[in-house]
Amino acid sequence: MNFANSKIICAVCGRKKEKLNSTNWSRHIEKCKNKKIKLTPSCSKFASNNSFISKFFKTTSTELSVGSTADNQLNEVATVETHKEPVEKLKFDIDNQLNEVATVETHQEPVEKLKFDIEIADEELNEVGIVGIQQEPVEQLHIVRNLNNRVYELSTNSKWKNDPAIFKAIHFTPDMINLVLSWGPCQPNHNEMPDREFPKNEMKKSFHENWFHKKLGDGTMVHRDWLTYSPSENRVYCLHCMLFGKHPQKAWVHDGFQQFKNGTIALLAHETSSVHVDATLQVKLKKSVLPLIPSIIEEQRKQVAFNREIVSQLVEVTKFLGQHSLAFRGHRENWSRIIKGNFKDLLLLLSNHSPAISVHIANIKTHSRKELSFISWDRQNLLINAISQEIVSFIKSELNNARFFSISIDSTFDISRREQVSFIVRYVEDSGKINERLLAMKDSAETTGQALFNLFSKVMDSHNIDWKSYLIGQSYDGAASMQGKYNGLQTKVKELCPQATFVWCHAHRLDLIVVSSVGSCLAAMNLFGNLEKVFVFISCSKKRNFLYREKQKILYPKARIRAIKKVETTRWMSQSYALTTVLKTLDAILDTLDEIKNVEGQVDFKTGAECNGLTEYLQSFNFLLTANIFSKIFDYIEPVSRALQAHSIDIIMAMDMLAKAQKNIESLRNDDTFQNIYDSTKKNGKVFNFDLQLTTNSNRRRRVPCQYDEKSRDQALEDPVVSYKVNTYFVILDIISADLKKRFNDNYIEVAKDLYLLTPKCVSNIMEKSSFPLDAFVSICKVYSKYLVREDVIREYSQFIKSKINLNSGIVPDFVHPIPEENSDFSDNESNDESEYISEIINSDNHESMSIIKMYALFVNTGLITVFPNLFTILKIGVTLPISSASHERSFSKLKIVKTRLRSTMSQNRLEDLMLISCETDVVINTENVINNFARRSSILTKSLMYR
């Protein structure tokens, strides 16, 4: 057979020329012409047989070149050659997006794109209506995925949309099963096949369409609705086994049956097999319930909506208990108990106003374990975890938007003697608001630098935070494991993130200065030592405490009742609060000691002697003078300490406050100031009828031999006032001043100098002089070279100075918040006036002029970000750098409330979740996201809470 003749086909009927000679081929063409057959999708059988395959995969173009020897006007007629010419797989474009390959095999041979020459003997055939076969528009597509993860799109416009060749490798979903059952089996007749007959297999046998029906013994014909024929493969399959078969025969599901010689016997053997019978029964059952499915689905949606309403209210109850750091469970939680725990008791209270909760609780009480419960102890833990994950997601999204962030880490012992490590992140929102948020709370058996670094890396990786690229600062306390130069945490972090500038917590350092000052001399040690004795002596007895409160009510009827404070070295400015309380309630303390001496001293001589000693010291002039001196010093230091605990403060403002505090302390060191303090103390002593005689130490003076070149001996200070001024007053001030200079002289000071160039005060001065330092921004560009180029920064800064921008325009200082009393690490007895005073200090014009936060707000509110992007980057780095680790102390205060003696056995995951809810109360929680997260925890919850 001439292979060229095999490429010639009749454009009307699709017959190949093959062995026909020219005469017979001309007669065939003339016969088709006389029949006046119009070419339609069903007219060209062979062409349509290939077109429907492409329609299964939403083929947009066949890309088959067509050559015609008789008529060049005919084109794009797709045919498939089945001979032994080497060919490849046909590739179909699935909507130009799915690069999947559909393989069409004919006679077990690969197929390639072929060019067919179409010979038309008579040009008058064009009059018969021969047109090119075009792709019909697809109205509906069904996307399916096979077991090899290939994606197909089934077209409802395809002629053989239910061809089993497509379904055999597909993982069926319930919706797909319903769709295939609605289509039914593929059972064409011989008139619909090419050449109006079923093709033959290798054994020269073909499929018989009468096999679609089965004749029973009584002569009744039964339709085989399970038998489906594949026109593209010339094989038959079992549709029921493909959909529901359990361990079905491979020939009827995957490979396809083609042994048509034994077709009758094979059909009978398969339809009587147990696997086929079971699959058919499932199909019949499914078809019988199909009319009920819409009503069932609607009922399920109503139940899901009802369940989601219940869980949404449970989320609110969980948020309430978590934000208030309250316990969830009780000792006994049976419904017969009066007290069932906070969670269940709140639900019972809410059930009086919520029908959904009321019905849910009633069903649980009635059906017990048979009813799905959303309020069991494990469901409570899942709700807590879902809320905490929503908070973490919110923090992570803000971190991704802010990009730059700093980290603070600190640790403490909890009630169960476990080391809890707190991770606080500091970042700036686009609006200019500075946030310090708790990211995680982990326990650690070791607190070495390497152990803390490993824990830090684990936390960052678990939250998918790119800390090596965007961490620009780190702040810890003074522990060696934190700030160690060689093996400390800050060194380990800098090895992988060089731009992470370390800042030693300012509040910790200032407290160390205060602790150093209270032990600087004998008078200071006597003062705070006796204050601690007063606290221990009165607070150790409930009767003495009662007497102290009663004396205050009598002496200060309009003032609030105060409690004596403990002098602690670990609580910031506790010395100041203890001293203030004693000075304001000195009369009440003396009366209390006097009554204790008269009542208890007669029975216990030790108590009487202790009362005499404390009374004698508190009535001495040495006590009053030393107390007034420290009170004067604390007036300068305490506001700074309180201000450093606020997160809405930048590093330049902190340094400015410390510099002014140091200047104020140094201004006290003169004779006139001491004399004023001495005179005012003497005046107050007369009011209390105290002994106004200042006493000095009577220790024997050591005699030092005179050296060879000494002309005179050191003269002893005989005047007690002068001696006190030199040996006490000046010593205290000198130690504080020296410590301020020593402890706040850091390496990051060079970066701070560059940041100072962007403060409103400095910018105003440079605008007047029209010049700035030659080494401007050298240090900050060196440290943060990953983000900054000095030449670009200098260029933008020069343009910014020349622009003469009004620095007071667009300033919205609403992100500089007052320090809330509940966020302070001090006693709840502190007045709101003190917090307002600290807020006034932060917001005062003097400090705002030294704050880069004000300049950052100017850039944000006036749109200068796009004009000076490098300057804005510097400002963002400046406001992101940490100042102190006060947020850790606040989180540890929450830890003591959350993990109490009665809740000491809670798991670490539950503790971390509750800490996040308790600390981050201002985070807006999306209830729908929480419910969806909660629903994904188990298949039962998914079925009950998720819409299908």
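Please read these numbers as outputs of a predicted model, since none were measured by experiment.
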Notebook entry, point to check: Of all residues at least two apart in sequence or in a different chain, which pass the side-chain hydrogen bond (donor to acceptor under 3.5 Å, both in side chains) check with Glu209?
Noted result: His190
Item checked: Check: Phe306 and Val359 side chains under 4.5 Å, non-hydrogen atoms -> yes
Notebook entry, point to check: So, do Phe343 and Leu314 sit near enough that their side-chain heavy atoms are less than 4.5 Å apart?
Noted result: yes
Next item on the list: For Arg308 and Glu928, run salt bridge (charged side-chain N to carboxylate O under 4.0 Å, His left out): C-alpha distance rounded to whole Å, both residues' side-chain angles, the deciding distance at 0.1 Å, then the answer.
Entry: CA-CA 9 Å; Arg308 290 179 73 91; Glu928 291 299 319; 2.6 Å; yes
Item checked: Test item: Gln380 side-chain N/O and Ile375 main-chain N/O as donor-acceptor pair under 3.5 Å -> yes
Item checked: Any residue meeting ring pair (Phe, Tyr, Trp, His ring centres under 6.0 Å) with His213, in chain and number order, not counting sequence neighbours -> His223
Checklist line | Phe212-Phe207 aromatic ring centre distance below 6.0 Å | finding: yes
Margin query: Given Phe244, which partner from the list Val283, Leu285, Val275, Asp278 fulfils the side-chain contact (heavy atoms from CB on, under 4.5 Å) test?
Written below: Val283
Note to self: Walk me through whether Arg936 and Leu941 qualify under side chain to side chain contact (heavy atoms under 4.5 Å, CB included).
What the structure shows: CA-CA 7 Å; Arg936 289 191 291 268; Leu941 293 177; over 6 Å; no
Note to self: For Ser232 and Asp163: C-alpha separation, side-chain torsions, deciding distance, then whether side chain to side chain donor-acceptor pair (under 3.5 Å) applies.
What the structure shows: CA-CA 8 Å; Ser232 61; Asp163 189 340; 2.9 Å; yes
Margin query: Rounded to the nearest 0.5 Å, what separates atom CG in Leu239 from atom CE in Met242?
Written below: 6.5 Å
Check: Can any side-chain N or O of Asn162 pair as donor or acceptor with the backbone N or O of Pro185 at less than 3.5 Å?
Finding: yes
Next item on the list: Answer whether the closest heavy-atom distance between the side chains of Ile361 and Lys344 falls below 4.5 Å.
Entry: no
Notebook entry, point to check: Do Trp252 and His276 have ring centroids that are under 6.0 Å from one another?
Noted result: no
Note to self: Does any part of the side chain of Asn201, heavy atoms only, come nearer than 4.5 Å to the side chain of Lys261, both counted from C-beta?
What the structure shows: no
Next item on the list: Look at the side chain of Ser388 and the backbone N and O of Asn385, then say whether any donor-acceptor pair between them is shorter than 3.5 Å.
Entry: yes
Check: Under a 4.5 Å cut-off applied to non-hydrogen side-chain atoms, are Asp225 and His240 in contact?
Finding: yes
Check: Do Leu267 and Trp226 come within less than 4.5 Å of each other through their side chains, counting heavy atoms only?
Finding: yes
Item checked: Ile384 and Thr318, any side-chain heavy atoms less than 4.5 Å apart -> yes
Checklist line | Interatomic spacing from NE2 in His360 to OG in Ser373 - rounded to 0.5 Å | finding: 4.5 Å
Next item on the list: Assess whether side chain to side chain donor-acceptor pair (under 3.5 Å) is satisfied between Glu299 and Gln303, documenting all intermediate values.
Entry: CA-CA 6 Å; Glu299 189 65 26; Gln303 185 63 39; over 6 Å; no
Notebook entry, point to check: Do Tyr229 and Phe198 have ring centroids that are under 6.0 Å from one another?
Noted result: yes
Check: Does Pro199 reach the side chain of Pro194, with side-chain heavy atoms less than 4.5 Å apart?
Finding: no
Check: Taking the side chain from Asn189 and the backbone from Glu192, do they hold a donor-acceptor pair closer than 3.5 Å?
Finding: yes
